[in-house]
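Heads up, the thing below is written out as structure tokens.
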Amino acid sequence: MTGTAPRGHAPHPFFTVGAHGLLVAGQTLSELAARVGRTPFYAYERAAIDARIRAVRAALPREVHLHYAIKANPLPEVVKHIAGQVDGLDVASVAELRIALAAGAPVQEVSFAGPGKTDLELEEAARAGILINVESERELNVLSRLAPRLPGKPRVAIRVNPDFELKTSGMKMGGGPKPFGIDAERVPETLAMLARMPLQFEGFHIFSGSQNLQAAAIAEAQRNAVALAARLASAAPAPVRVLNLGGGFGIPYFPGEVPLDLAEVAAGMRELVAQRPPALRDSQYTVELGRYLIGEAGIYVCRVIDRKISRGQVFLVTDGGLHHHLAASGNFGQVLRKNYPVVIGTRPADSATEVASVVGPLCTPLDLLADRAVLSRAEPGDLAVVLQSGAYGRSASPLGFLSHPAPTEILV
Ligand SMILES: *Cc1c(COP(=O)(O)O)cnc(C)c1O
């Protein structure tokens with residue numbers, strides 16, 4: 001598929017700008033906007049989600065289970081759509097747990113990670129019978145205390161804070177001092193404690209970082225995770241039934257970034273499966289992907305309200321902004337602000353361009369969706385579109401800031 005490519009950005013795998021502007025699920029953006037009825041909105045395309053899941057399934061060895069990490073996009077319709085095509089779901093809160101169960105995910109294949117789980121959250125998760133990735137000894141103690149009142153033994157895996165770091169990851173989640181998981185060197189002691197508790201040990205969760213575009217770095221982190229799990233297995237009170245290798249497959253956001261080489265990641269995983277250490281012979285290897293499954297399938301759409309020229313610079317002032325899409329504004333983990341791919345979705349591909357900045361209605365200079373980007377010339381009424389917006393969009397944004405209405409969402 002040939003996609004649209006805002007200047008300097010990788011061609012988009014799913015969305016094209018044609019003679020009538022951006023096409024979304026076979027309709028023009030104007031048609032879609034009329035159907036939605038108001039701006040701003042997020043739209044997620046079923047066909048794009050399905051194509052991505054098919055590609056991941058086709059590439060990864062069949063022995064590896066594919067989970068969806070709900071926090072990337074917790075819209076219940078999206079979760080339900082994805083649940084039918086993956087092996088399981090991973091949740092990071094009780095609300096996400098309820099969404100996962102409502103989507104019909106098998107309890108055996110739902111897991112719950114995240115630091116700071118409250119006693120009530122742990123109880124609800126244990127009662128549901130899902131796998132709890134424990135992040136501290138306190139969580140084990142709480143579950144152990146609850147266990148006698150529960151119908152079955154709580155199922156637990158240890159989330160390990162590895163003794164290695166993921167190279168070149170956008171957001172590091174492991175290695176060094178971290179609030180996530182239990183330090184690898186302390187895990188043998190933790191396992192000895194767990195062995196005396198009325199809990200069912202099921203395995204390990206080792207996740208080193210999000211938004212990685214380097215296949216070689218992901219493969220190396222996964223190799224390290226398997227080696228670490230094999231070492232820790234000798235101290236475990238039961239066989240390692242699951243080894244969760246986390247998510248972290250990245251997508252290109254910024255000028256110059258190149259899409260992840262999925263084939264190379266898959267080749268690494270085939271090697272891992274072929275060369276299992278004896279301690280992990282019967283372990284179910286799992287990856288839990290968030291961003292990679294949904295990130296490129298979503299767009300954020302806002303309407304140009306005003307066109308202003310300030311000292312020669314064009315500003316397109318829209319009804320959307322950082323309160324809806326913090327990540328695109330550059331304030332969700334970026335070190336140096338760079339533009340997400342942005343297009344004017346109501347203008348044909350061959351329309352005249354200009355350099356313009358796309359801003360929102362908030363009273364802060366941070367409310368910037370595109371900083372001096374090459375865009376089709378737009379007027380009030382046109383629709384500005386941020387691509388790569390399916391993951392960590394609406395749910396990762398400060399919706400309450402300035403009390404504007406929240407954006408709607410639609411699965412098309
Ligand atoms: C956020 C998260 C994921 C998903 O990460 P992506 O980078 O979106 O693939 C997976 N597992 C855990 C524990 C997470 O916190």
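We count ligands from 1, going down the list as the structure has it; atoms in each ligand are counted the same way. Not measured: the values here are computed from a predicted model. We count residues from 1, following the sequence as given.
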Just do the side-chain hydrogen bond (donor to acceptor under 3.5 Å, both in side chains) check on Gln388 and His9 with the steps written out, would you?
CA-CA 11 Å; Gln388 308 298 73; His9 289 268; over 6 Å; no
Tell me whether Lys71 has any N or O atom under 3.5 angstrom from an N or O of ligand 1.
yes
Considering only heavy atoms, does Tyr392 approach ligand 1 within less than 4.0 Å through its side chain, its backbone, both, or neither?
side chain
So which bit of Ser210 gets within less than 4.0 Å of ligand 1, heavy atoms only: side chain, backbone, both or neither?
both
Quick one: is the NZ or CZ of Lys117 closer than 6.0 Å to the six-membered ring centre of Phe112, and within 45° of its axis?
yes
Distance filter under 4.0 Å to His205 heavy atoms, resulting ligand 1 atoms
13 (C)
Please report whether ligand 1 has a polar contact with Phe249, defined as an N or O pair separated by less than 3.5 Å (distance criterion only).
no
Looking only at side chains, do Glu296 and His12 share a donor and an acceptor under 3.5 Å apart?
no
Heavy-atom contact check, 4.0 Å cutoff: does Gly246 meet ligand 1?
no
Taking the six-membered ring for Trp, are Tyr300 and His325 ring centroids under 6.0 Å apart?
yes
Regarding Asn339 and Arg337, is there a side-chain donor-to-acceptor distance under 3.5 Å anywhere?
yes
Less than 3.5 Å apart, which donor and acceptor atoms pair up between the side chains of residues 20-37 and the rest of the protein, not counting sequence neighbours?
| unit_1 | atom_1 | unit_2 | atom_2 | d |
| --- | --- | --- | --- | --- |
| Thr28 | OG1 | Glu31 | N | 3.1 |
| Glu31 | OE1 | Thr28 | N | 3.0 |

Test of proximity, Gly248 against ligand 1: N or O pairs below 3.5 Å
yes
Among Glu288, Glu135, Glu139, find the one that has a salt bridge (charged side-chain N to carboxylate O under 4.0 Å, His left out) with Arg159.
Glu135
Near Ala69, which atoms of ligand 1 are under 4.0 Å from a heavy atom of that residue?
3 (C), 4 (C), 10 (C)
Any idea which atoms of ligand 1 are less than 4.0 Å away from a heavy-atom of Gly247?
9 (O), 10 (C)
Please state whether Phe207 comes within less than 4.0 angstrom of ligand 1, counting heavy atoms only.
yes
Flag the pair Phe204 / Phe201 as yes when their ring centroid distance falls below 6.0 Å, and as no otherwise.
yes
The one among Arg291, Glu135, Glu288 that brings a heavy atom closest to atom 13 (C) of ligand 1
Glu288
Any idea which atoms of ligand 1 are less than 4.0 Å away from a heavy-atom of Gly290?
4 (C), 6 (P), 8 (O), 9 (O)
